[in-house]
Amino acid sequence: MAVFTPVSLDDLTQWLSQFPLGKALAIKGISSGIENSNFFIDTEAGEYVLTVFEKLSFEQLPFYLELMRHLAQRGVAVPAPIANADGSIINALHGKPAAIVSKLAGESQMSPGPVHCYAVGEMLAKMHLAARDFAIKQPNLRGLSWWRETAPVVLPFLPEEIQQLLRAELQFQEDFAETETFNNLPNGPVHADLFRNNVMFDGDRLTGFFDFYFAGCDTWLFDLAVTVNDWCIDVHTGGLDETRVAAMLDGYRSVQPFSIDEQLAWQPMLRAAALRFWLSRLYDFYLPRPAEMLTPLDPTDFERILRQRIAHPAPALV
Ligand SMILES: Nc1ncnc2c1ncn2[C@@H]1O[C@H](COP(=O)(O)OP(=O)(O)OP(=O)(O)O)[C@@H](O)[C@H]1O
Ligand SMILES: N[C@@H](CCO)C(=O)O
């Protein structure tokens with residue numbers, strides 16, 4: 001569906017000469033992405049993924065790609081950006097920023113069981129630890145300030161009862177963000193969008209996290225809550241599957257135990273993670289970008305998840 005910038009084998013052959021990857025052998029557009037133009041490329045050095053960035057600029061990209069390089073160098077399974085002869089990992093292709101990264105084996109596991117959730121929790125904690133000394137700072141651009149800006153934009157589209165829920169939750173999160181508990185939470189670079197379609201598995205073996213383009217600095221617990229809210233739920237009701245939640249938390253804890261403040265913040269953070277995706281989906285639903293090609297994702301999934309987290313607190317984090 002989505003290759004916005006076509007790249008031919010001839011284009012690739014010329015462009016690839018700056019990289020230590022030998023000759024280009026084949027290029028194939030990837031249909032599933034909606035943000036960028038992605039291609040699988042075969043080179044004499046092996047298989048890679050080429051991304052031509054459609055929205056992010058040369059100035060914005062270093063945070064994401066350098067973070068991936070940093071993590072890959074520390075043994076976290078993420079696509080490793082490939083540098084050209086000058087050491088640059090972001091280079092213009094058809095006038096747009098582009099990058100080549102290593103290809104992860106396997107495919108997304110869309111019906112995860114506890115074994116997958118354990119593996120994701122374990123690697124998430126490893127990723128948080130490995131990112132602690134990453135030098136570039138960028139806040140989560142879909143954090144509280146963005147919620148504060150976005151809520152008034154979508155509120156006029158919503159019926160009164162749903163407006164009340166949104167206003168009340170935003171106020172709850174504003175208040176929570178002022179607490180000592182919140183301010184004591186460990187933080188650093190986080191993925192912030194680690195849904196099932198952003199992780200690869202080869203059978204039951206986790207082969208990598210990818211799509212880091214919502215990454216930013218935020219609390220580790222927020223990242224874990226985003227991940228639990230997608231991987232460990234009954235997708236029809238939004239309710240938590242306690243076995244999968246326990247597996248993901250066990251995986252995380254096996255690397256990095258939870259602090260007292262993280263234990264106290266767990267319920268509000270699951271709600272914050274639901275609010276974040278409810279708001280972005282509401283925004284994309286009511287204010288679609290011009291020429292948006294795909295059907296927007298359903299905001300009511302995350303309204304339901306938020307209502308569930310308010311009504312049925314998750315098992316305590318210990
Ligand atoms: N490093 C990689 N290794 C293997 N496959 C990849 C890699 N990067 C991307 N892909 C494949 O390309 C598809 C699209 O990539 P991605 O999800 O990053 O698209 P996007 O347009 O950048 O973002 P979005 O998910 O928001 O649409 C993925 O579903 C995956 O199948
Ligand atoms: N994971 C997001 C899509 C953008 O990456 C969502 O499900 O709303």
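As the structure lists them, so they are numbered: ligands from 1, and atoms in each ligand from 1. Atom set for the values below is all heavy atoms of this structure, side chains included, hydrogens, waters and symmetry mates excluded.
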Open item on the list: For the 3.5 Å polar cut-off, considering only N or O atoms, please tell me whether Lys103 and ligand 1 meet it.
Closed with: no
Open item on the list: Between ligand 1 and Leu104, is the shortest N or O to N or O distance under 3.5 Å?
Closed with: yes
Task: Shortest protein heavy-atom distance from atom 1 (N) of ligand 2, along with the residue and atom involved - done: Asp193 OD1, 2.7 Å
Task: Heavy-atom nearest neighbour in the protein, as seen from atom 3 (C) of ligand 2, with distance rounded to 0.1 Å - done: Leu297 CD1, 3.8 Å
- [ ] Please check if the side chain of Arg244 supplies one atom and the backbone of Ile233 the other of a donor-acceptor pair under 3.5 Å.
- [x] yes
Task: Numbered atoms and elements of ligand 1 in range of Pro79, under 4.0 angstrom, heavy atoms - done: 1 (N)
Task: For ligand 1, the portion of Ser102 having any non-hydrogen atom under 4.0 Å away - done: backbone
TODO: With heavy atoms only and a cut-off of under 4.0 Å, state how Phe214 meets ligand 2: side chain, backbone, both or neither.
DONE: side chain
Open item on the list: Under a 4.0 angstrom heavy-atom cut-off, which atoms of ligand 1 come close to Asn38?
Closed with: 14 (C), 15 (O), 19 (O), 20 (P), 21 (O), 22 (O)
TODO: Enumerate the atoms of ligand 1 whose separation from the nearest heavy atom of Met200 is less than 4.0 angstrom.
DONE: 4 (C), 5 (N), 30 (C), 31 (O)
Task: Salt bridge Glu174-Arg148, side-chain N to carboxylate O under 4.0 Å - done: yes
- [ ] Answer yes or no: does atom CD of Gln14 have more than 12 heavy-atom neighbours from other residues, nucleotides or ligands under 6.0 Å?
- [x] no
Task: Residue among Leu21, Leu16, Val101, Asp42 satisfying side-chain contact (heavy atoms from CB on, under 4.5 Å) with Tyr48 - done: Leu21
Open item on the list: Between Phe63 and Phe134 (judged by ring centroids, cut-off 6.0 Å), do the two rings come close enough to count as a pair?
Closed with: yes
- [ ] Would you mind checking if Asp133 and Arg74 are paired as a salt bridge, meaning a charged N to carboxylate O distance below 4.0 Å?
- [x] yes
Open item on the list: At under 4.0 Å between heavy atoms, is it the side chain or the backbone of Glu107 that contacts ligand 1, or both, or neither?
Closed with: neither
Open item on the list: To check you understand the geometry: which heavy-atom pair defines the closest contact between Pro288 and Phe285, and what is its length?
Closed with: CD-O, 3.6 Å
Open item on the list: Check contact between Phe40 and ligand 1, using heavy atoms of the residue and a distance below 4.0 angstrom.
Closed with: yes
Open item on the list: Could you measure the distance from the NE2 atom of His116 to the OG atom of Ser108? Nearest 0.5 Å is fine.
Closed with: 11.5 Å
- [ ] Number the atoms of ligand 2 from 1 as they appear, then name those within less than 4.0 Å of a heavy atom of Phe195, with their elements.
- [x] 1 (N), 6 (C), 7 (O)
- [ ] Return yes or no for this condition: an N or O of Glu35 is under 3.5 Å from an N or O of ligand 1.
- [x] yes
- [ ] Of the side chain and backbone of Tyr213, name the one, both, or neither that has a heavy atom under 4.0 Å from an atom of ligand 1.
- [x] neither
Open item on the list: Centre-to-centre under 6.0 Å for His191 and Phe212, is that the case here?
Closed with: yes
Open item on the list: Only heavy atoms of Asn36, strictly under 4.0 Å: list the atoms of ligand 1 that pass.
Closed with: 21 (O), 22 (O)
Open item on the list: Exactly one of His128, Lys126, Glu122 should register a side chain to side chain donor-acceptor pair (under 3.5 Å) with Tyr252. Which one does?
Closed with: His128
Open item on the list: Considering both backbone and side-chain atoms of Arg281, is one of its nitrogen or oxygen atoms within less than 3.5 Å of a nitrogen or oxygen in ligand 2?
Closed with: yes
